Number of protein chains: 2
Amino acid sequence: MSTIWDVAKLAGVSKSTVSRVINNGSCSPEAKKAVLDAIEKLNYQPSYFAKNIRTQKSMSIALVIPDISNLFYTELFKTVQEVAYAHQYMVILCDTQHNSDYEIKYVKQLINRKVDGLIYGTYKMDAKTQSFFVSLSESLPIVFIDYAYKRYENISIVATEGYQSTSEAVKFLYDKGRRHIAYINFSRDVEVTQLRYQGYIKGLEDCGLAYSSNVVYFPSSRKKMDGISIGYHGARKLLSRNQKIDAIMTAADQIAIGVNKYLKEQKIRIPDDISLVGFDNNAICEIIEPTLTTIAQPINSIGTTAMQILINKIKGIDNPEQRIFMKGNLIQRNST
Amino acid sequence: MSTIWDVAKLAGVSKSTVSRVINNGSCSPEAKKAVLDAIEKLNYQPSYFAKNIRTQKSMSIALVIPDISNLFYTELFKTVQEVAYAHQYMVILCDTQHNSDYEIKYVKQLINRKVDGLIYGTYKMDAKTQSFFVSLSESLPIVFIDYAYKRYENISIVATEGYQSTSEAVKFLYDKGRRHIAYINFSRDVEVTQLRYQGYIKGLEDCGLAYSSNVVYFPSSRKKMDGISIGYHGARKLLSRNQKIDAIMTAADQIAIGVNKYLKEQKIRIPDDISLVGFDNNAICEIIEPTLTTIAQPINSIGTTAMQILINKIKGIDNPEQRIFMKGNLIQRNST
DNA sequence: TTGAAAGCGTTACCAA
DNA sequence: TTGGTAACGCTTTCAA
């Protein structure tokens, strides 16, 4: 590997001049040409480490998320990577496996590696972790992509607004003639989806329907269940209560998949007997049968916007924190 | 951030001694204790850049893959990350979007960042890219996770053997009474799956069944189709030829999903009229209906083994290249 | 066992 | 516009 010294010698100038040419400092056209030629000839690339020991910039950002197999995050990664790469950043993906300890360990490692910023999404509620990230945000550019962080001020956040869109989906079911709308949620410590749940309650109210805890299911926080299991067990539980139910709304597509599975096993027809609505608009919505009506999160917009804000924060532009809440969009398919 | 200097001053020793303590050089117990205490007190962490400018090690590895939304790679990432993290490596994920130009661009960037090694998977056949990676492998530790690279010597490779396992699956269908077994593959430039296809032919032979190109479908290389579309169009094409078909094998679960979709639209019963077999054992196999019989790749073993080999290569242990081909495992579900 | 000092390859300051 | 030189924070000789 050739160094800046080799370039300087070949071009007949000093290291400083070479550095200036690279970093767009002022120099004469002749010097510039000579340096550029030398760089070309030697196939010179500045050393990543040497450069960053001075600048303290790593040209890396991290995407810290709970689970890359969740299709929402898979898509998000792809978008983030694309924008990042266009701006010469590399992205370090950290899958924290829903584990707060991992989150903090990873982030400490990332700080040591001087990541220029990070995009952080989770969906567990854990006061200690939340305040860790919020206060970290004062010293490191962070964009939160989690609606639950809405309560904190002075942080930048891009997320799908779950309240309004869920309440509108209730209205949609109402207009389809459904009057007994159930809801299956993640456990109460998954904070993002609690706002979707609030939207459900608001929607019932708007339609003049009574709320009943008999048609609502939350798994216990202690049990570690994935979305599909929650949906499966939730549907079973709800139907075992002998309540009239003609629609089930869920806090996530994964949950709806589990519900779908249980209903089919019981020969309950979707949507004839029970309508089903998810949240996210994962690729699976088109694959399962019947295809799943869902509230789509605008993942690409979230990713692009979050990256744009992050890059601005890193560059020190646009200092005031940005708070952007995107609207969920009801995608109607065959399950309603 | 405190530096090695601060530690040295607080411990009353020189920088050199501090460095030695950290890197297990020889020193007196007293010195060691003083330094450790100082490190503790100052919450000192060696600077990542300063350290690596000397050692030329980044403690990062890269996972270069064509598409993170392919569940095979999603799972692989999780396994690789886990092993990497346990050995203090961070992983840089590069989703190349099936694009050879991106692959090479990414890798040049990675080289500049001095990644200690990389795990490389693709599935396109492209002589130029292949030889790029093979010859890169001489100067940088690489583990290939692609069966297609089998032909190159002096490289390390961990992959699922597709030939034998596919031929055994043919035998399985034969034993179930199927005599008209069709095959749907990716286009011919997707090299990994061509060996699965060869296994299909071998399987027919073993069972004394005649091969017929009338029941085989390859999409054209030029059309950019995802797996699901290939399956959907492939099934339509095959069935339009008025050949007798009582089973369809596919080179990937994604393809089988498309086949499943088309057959259901045509009211063709699975498995009563046509059996269906995938390859990979994605999570979706359990979700679609009927659940999908498939040849499982041992993803976790592949990931763990690949990482172990990579780490050994990085550390200079186990120099002879390793070539490990794992057996695919037929998982029987309701589609057969 | 220890410390001084010379690098590693950059950037950034300051004079010229 | 230039070049010399001092950092940046570490590792690694080399003497002591």
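By convention in this document, chain letters (A, B, ...) are assigned in the order of the sequence lines, proteins followed by strands, and residues within each chain are numbered from 1. Treat the numbers as computed from the prediction; the structure is a model and nothing was measured.
A donor atom on one side chain and an acceptor atom on the other are found under 3.5 Å apart for D126(B) and S100(B). Checked by atom type, the side-chain pair E321(A)/Y152(A) shows no donor-acceptor distance below 3.5 Å.
Atom CD1 of I61(B) sits about 11.0 Å away from atom CG of L140(B), to the nearest 0.5 Å. Remark: H87(B) NE2 to D116(B) CG distance equals 13.5 Å, nearest 0.5 Å.
Residue S28(B) places at least one side-chain N or O under 4.0 Å from the OP1 or OP2 atom of dT2(C). Listed pair N23(A) / dT11(C) meets the phosphate criterion, a side-chain N or O lying under 4.0 Å from OP1 or OP2. Proximity of T3(B) to the phosphate of dG9(D): no side-chain N or O atom is located under 4.0 Å from OP1 or OP2. The phosphate of dC8(D) (OP1 or OP2) has no side-chain N or O of Y48(B) nearer than 4.0 angstrom. Between dT1(C) and S26(B), a contact under 4.0 Å exists linking OP1 or OP2 to a side-chain N or O.
The distance between atom CG of N24(B) and atom P of dT12(D), rounded to the nearest whole Å, is 12 Å. For I53(B) and dC8(C), the CD1 to C1' distance is 5 Å, given to the nearest whole Å. Between K33(A) atom NZ and dT2(D) atom C1' the separation is 20 Å, expressed in whole Å. Rounded to whole angstrom, the span from the CG atom of N52(A) across to the P atom of dT11(C) amounts to 9 Å. When the C1' atom of dG3(C) is taken as reference, atom NZ of K9(B) falls 16 Å away, rounded to whole Å. In this structure, K114(A) atom NZ and dT10(C) atom P are separated by 20 Å, rounded to whole Å. Distance, W5(B) CH2 to dG3(C) C1': 10 Å, rounded to whole Å. In this structure, I4(A) atom CD1 and dG7(C) atom P are separated by 18 Å, rounded to whole Å.
The residue E30(A) sits apart from the nucleic acid: no heavy atom pair falls under 4.0 Å. The residue S16(A) sits close to a base: some heavy atom pair falls under 4.0 Å.
The R54(A) side chain lies nearest to dA7(D) when the options are dT2(C), dT11(D), dA7(D). The side chain of K15(B) sits closest to dC10(D) out of dG4(D), dT2(C), dC10(D). Closest to the S14(A) side chain, of the nucleotides dC10(D), dG9(C), dG3(D), is dG3(D). Ranking dG4(D), dT10(C), dT12(D) by closeness to the S19(B) side chain, first place goes to dT12(D).
Of the two residues near DNA chain C, Q56(B) and C27(B), the one whose nearest nucleotide lies more 5' is C27(B). Comparing R20(B) and S47(B) against DNA chain D, the residue whose closest nucleotide sits nearer the 5' end is S47(B).
Counting non-hydrogen atoms of neighbouring residues, nucleotides and ligands closer than 6.0 angstrom, the OH atom of Y102(A) reaches no more than 12 such neighbours. Applying the 6.0 Å contact sphere to NZ of K32(B) captures no more than 12 heavy atoms from other residues, nucleotides or ligands.
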